[in-house]
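What you see is a predicted model; the values in this text were computed from it and never measured.
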2 protein chains.
Amino acid sequence: MGSRIGLKDVALRAGVSVPTASRVLSGVQRNVDPELALRVRNACDELGYRVNAAARALRIQSTDSLALVVPAIANAYFAELVSAYSRRLDLQGKRLVTIDTGESPESEERQLGAMDRVLVDAVLVVPAAFERSGAAITELARSNRVVQVDRRARGVEAPSVRLDNAAGVRLLVEHLRARGRRSILMVDAQEDSSSSIERTAAFRALAGPDDRVLEMPNFTVASGTDAAKLLLANPGDTDAIICTADTVALGLLTALQHAGKRVPAEYAITSFDGTYISDTAAPGLTTLGSTAERMVEASLALLDDGSDDVVLKPELVVRGSSG
Amino acid sequence: MGSRIGLKDVALRAGVSVPTASRVLSGVQRNVDPELALRVRNACDELGYRVNAAARALRIQSTDSLALVVPAIANAYFAELVSAYSRRLDLQGKRLVTIDTGESPESEERQLGAMDRVLVDAVLVVPAAFERSGAAITELARSNRVVQVDRRARGVEAPSVRLDNAAGVRLLVEHLRARGRRSILMVDAQEDSSSSIERTAAFRALAGPDDRVLEMPNFTVASGTDAAKLLLANPGDTDAIICTADTVALGLLTALQHAGKRVPAEYAITSFDGTYISDTAAPGLTTLGSTAERMVEASLALLDDGSDDVVLKPELVVRGSSG
DNA sequence: TTTGGTTCGGAAATGGTTTTCCCGGCGGTG
DNA sequence: CACCGCCGGGAAAACCATTTCCGAACCAAA
């Protein structure tokens with residue numbers, strides 16, 4: 001049984017007792033002689049000892065890590081959200097473990113169902129779907145602290161932090177109208193996500209007879225280029241576009257430019273996420289500012305004090321793509 | 001202390017012993033009376049019981065999860081790598097937990113040092129730096145199974161799976177020369193990563209007097225646009241560019257186009273990663289094909305059979321950006 | 001009645017932390 | 001000088017929740 005080295009091996013080599021070794025390593029529960037502490041630390045080095053995560057967590061009932069479950073890490077919006085959480089938690093000495101559900105409620109259910117194999121103190125989840133994610137998240141929330149981030153799922157009582165999507169749509173529509181645009185096309189993904197639902201609903205409520213909605217299969221750059229083809233095949237009076245994701249806007253922008261269309265002269269393009277894409281596209285994309293930092297702050301605060309839902313106000317960032 | 005519900009609560013409610021409840025739930029180690037099994041399962045539902053990850057892992061000495069440590073999840077290349085791992089492991093019923101080190105050796109050291117707070121069976125790591133990552137990874141490898149992916153760190157004995165960068169550079173250079181280009185600029189990031197080192201070394205070995213290297217601070221799209229500014233300020237004879245990342249190539253491409261330059265007529269642009277970016281840019285980027293799937297397969301196989309280093313052969317994917 | 005197989009429960013094991021109890025030494029006080 | 005309290009350390013055991021080993025009981029077949 002000498003295979004794995006445990007704390008008692010360290011204590012033995014350092015010539016101290018197990019409690020003392022523990023006191024040196026983990027807590028400052030009580031003062032220990034600096035000389036003994038040094039011996040313990042040296043013994044650790046020499047033996048290559050590392051504390052057993054499972055044993056420690058079992059006793060302590062706490063790991064210093066959170067899980068973040070996102071639908072698609074390849075989406076720049078979620079990638080930036082992950083980065084923001086990771087940086088923020090790193091400052092606190094905590095770890096973020098990220099899990100990708102591939103925009104698939106089935107995979108999400110598997111991963112959430114197996115979350116009891118991963119050691120975390122709480123789970124931050126961006127639900128893949130509004131309807132189909134509810135059951136798995138509710139189940140998870142029975143035994144874990146759960147916060148819904150960016151999206152919600154139907155019937156889940158876990159608190160949520162999200163953007164005021166209706167206000168965001170209103171900001172973009174009013175901006176485009178103020179610039180004299182008459183016919184707006186909203187390009188959305190037909191994913192069953194709460195944010196998509198809220199955005200299209202808000203848009204339809206504000207839309208006039210000349211405004212349209214185009215549903216693409218997902219939030220990828222390729223969907224943007226496909227949307228451009230569909231638009232060019234059936235241009236109508238459209239002179240302005242609202243994309244519900246920066247990735248889609250990027251594909252749309254480059255495809256329109258490649259087809260010889262001028263942006264913003266012929267088409268004003270706006271978008272939602274405020275990722276680096278909106279900043280580096282040429283021309284820059286008018287978009288709602290990034291809410292990643294605020295979402296991170298709000299959701300972590302919510303985990304601490306257990307307050308209620310948080311709805312963030314969007315801000316408009318005007319760049320060249322809207323004239 | 002009745003706060004958290006454990007297996008003994010389930011057993012009590014179901015009127016069976018703890019071992020029997022365990023047999024019903026986790027393993028099919030032995031047959032149990034179907035009637036008892038049903039009682040156990042009902043008790044679980046009613047109590048909302050979920051197995052304790054720490055206790056299970058402590059006893060079993062295994063979780064079905066791997067950790068993947070990447071330098072920057074916001075980089076499309078790593079995001080696609082994460083997705084590929086996640087999909088592949090999902091098929092096997094395993095989980096992937098991803099950790100972002102923000103291209104910072106300090107953060108990497110903290111995160112790797114605290115890896116004993118996360119429950120995983122093995123760690124796949126993309127070292128942030130060639131020189132400065134070695135110590136932390138070596139230390140980690142003393143107590144964990146570790147595989148280096150995509151990059152290596154100096155002096156680490158853990159096996160690695162990586163691209164044959166020299167062959168990749170040769171493919172691109174020969175392709176550009178075959179298209180009649182005379183003066184190639186390599187745009188790299190001055191990060192201390194093994195892949196960057198190998199690529200610039202291979203390029204310098206092949207380079208003629210008209211070829212140059214430009215070192216940008218990092219692998220972001222913004223670095224690409226900055227590189228374009230530097231290039232336009234000092235154009236020399238450059239008629240071809242090799243970027244060591246798709247993100248950089250994207251920024252460079254759009255910035256050059258925005259400045260009125262024609263691609264590929266005036267500048268042929270090629271790149272390395274083969275992410276979705278190379279496919280959706282306009283024109284498409286000539287690049288080395290994505291090796292994500294092969295890296296995933298090779299590294300997982302390596303974990304299974306403990307074989308040696310794997311070096312993947314690159315493939316050239318020709319698109320419009322190189323003429 | 002014995003034998004063999006099946007199923008269940010008590011107890012050990014997993015590894016680290018924490019508590020309890022004790023001890024020896026040290027300094028201050030009466 | 002005796003006494004008291006405090007402080008740092010050690011031995012042993014409890015604890016965390018689960019799995020597994022092993023013995024016991026039971027039922028059916030021989």
Checklist entry - To the nearest Å, how far apart are B:K8 NZ and C:dC8 C1'? => result 20 Å
Checklist entry - Counting any heavy atom closer than 4.0 Å, what does A:V16 reach on the DNA or RNA strands: base, sugar-phosphate only, or nothing? => result sugar-phosphate
Item to check | Nearest-nucleotide comparison on DNA chain C, the residue closer to the 5′ end among A:G6 and B:G15 | outcome: B:G15
Checklist entry - Is any side-chain N or O of A:R23 under 3.5 Å from a base N or O of D:dG8, one able to act as donor and the other as acceptor? => result no
Checklist entry - Can B:E191 and B:S193 be counted as having a side-chain donor-acceptor contact under 3.5 angstrom? => result no
Checklist outcome for this item: What residues 48-59 of chain A contributes to the DNA chain C interface at heavy-atom separation below 4.0 Å is A:Y49, A:N52, A:A55, A:R56, A:L58, A:R59
Next on the checklist: Between A:L119 and B:V118, is there a side-chain heavy-atom distance shorter than 4.5 Å?
Outcome noted: no
Next on the checklist: Side chains of B:E80 and B:S290 only: does a donor on one sit below 3.5 Å from an acceptor on the other?
Outcome noted: no
Next on the checklist: In this structure, how many angstroms lie between the P atom of D:dC16 and the CG atom of B:D9, rounded?
Outcome noted: 11 Å
Item to check | side-chain N/O B:S22 vs D:dT19 OP1/OP2, d < 4.0 Å | outcome: yes
Checklist entry - Pairs in or reaching into residues 293-305 of chain B: which pass salt bridge (Lys or Arg N to Asp or Glu O under 4.0 Å), with residues at least two apart or in two chains? => result B:R87-B:E293, B:R88-B:E297
Checklist entry - Does B:T20 put a side-chain nitrogen or oxygen below 4.0 Å from OP1 or OP2 of C:dC8? => result no
Next on the checklist: Please check if the number of heavy atoms outside A:E109 that lie under 6.0 Å from its CD is greater than 12.
Outcome noted: no
Item to check | C:dG15 phosphate, OP1 or OP2, under 4.0 Å from B:Q61 side-chain N/O | outcome: yes
Next on the checklist: For A:S195 and A:N165, which I'm curious about, is there any donor-acceptor pair between the side chains at under 3.5 Å?
Outcome noted: no
